[in-house]
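Single-structure report; data block below.
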Amino acid sequence: MRQRHSFHLDRTGHSVTVNVRSGWITETEVLVDGKEVAFHRVHGHGVYPLVLAAQLPEEPPRPLAVRLERTGAPERPLSCTLEFGADVQPMAERTGH
């Protein structure tokens, strides 16, 4: 059975969303302002921690990274943080998708 997780955070005037679809193949995408800026696909349930690098669409572009980790808790199996320079913020998981 496929599992879906979605995390979101508004940061510096930009919308950052991370979507994870896991099952036989696990796909992870990072969206900034609704546009895909990073993508990862692997067979199986994924290897964690997983860090995906991206950039904010500014001049000059500003780098960011998202880090996904297993929590070990059945009700919330993944956690996601946004790394923006030295600033690290947890991303809230969206429910009802």
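- With side-chain heavy atoms closer than 4.5 Å counting as contact, directly or through intermediates, Val88 stands alone and belongs to no larger hydrophobic cluster.
- Gln89 contributes atom CD, which lies 11.5 Å from atom CG of Leu64 (distance to the nearest 0.5 angstrom).
- Minimum interatomic distance between Met91 and Val66 (heavy atoms only, all atoms of both residues): SD-CG1, 4.1 Å.
- Considering every non-hydrogen atom in both Phe84 and Thr12, the closest pair reads CE2-CG2, 4.1 Å.
- Sorted by first then second residue, the side-chain hydrogen bond (donor to acceptor under 3.5 Å, both in side chains) pairs that include residues 63-73, not counting sequence neighbours, are Arg67-Glu83.
- Contact of the Phe7 side chain with the Leu82 side chain is not registered, since no non-hydrogen atoms from C-beta on lie closer than 4.5 Å.
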Let me check something: any side-chain donor-acceptor pairs from residues 32-42 under 3.5 Å, sequence neighbours excluded? List them with distances.
{"residue": "Asp33", "atom": "OD1", "partner": "Ser15", "partner atom": "N", "Å": "2.9"}
{"residue": "Asp33", "atom": "OD2", "partner": "His14", "partner atom": "ND1", "Å": "2.7"}
{"residue": "Arg41", "atom": "NE", "partner": "Glu27", "partner atom": "OE2", "Å": "2.9"}
{"residue": "Arg41", "atom": "NH2", "partner": "Glu27", "partner atom": "OE2", "Å": "2.7"}

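- How far NE2 of His8 is from SG of Cys80: 11.5 Å, rounded to the nearest 0.5 Å.
- Inter-residue side-chain proximity for Gln3 and Leu78 is flagged as unmet; no heavy-atom pair is nearer than 4.5 Å.
- Counting heavy atoms from C-beta on, the side chains of Asn19 and Leu31 come closer than 4.5 Å.
- A donor-acceptor pair under 3.5 Å is formed between the side chain of Thr26 and the backbone N or O of Gly44.
- No option in Glu29, Glu93, His5 other than His5 meets the side chain to side chain contact (heavy atoms under 4.5 Å, CB included) test with Val20.
- Using a 4.5 Å heavy-atom threshold, the side chains of Leu68 and Val18 count as touching.
- Put simply, the side chain of Ser6 reaches to within 4.5 Å of the side chain of Thr17, judged on heavy atoms.
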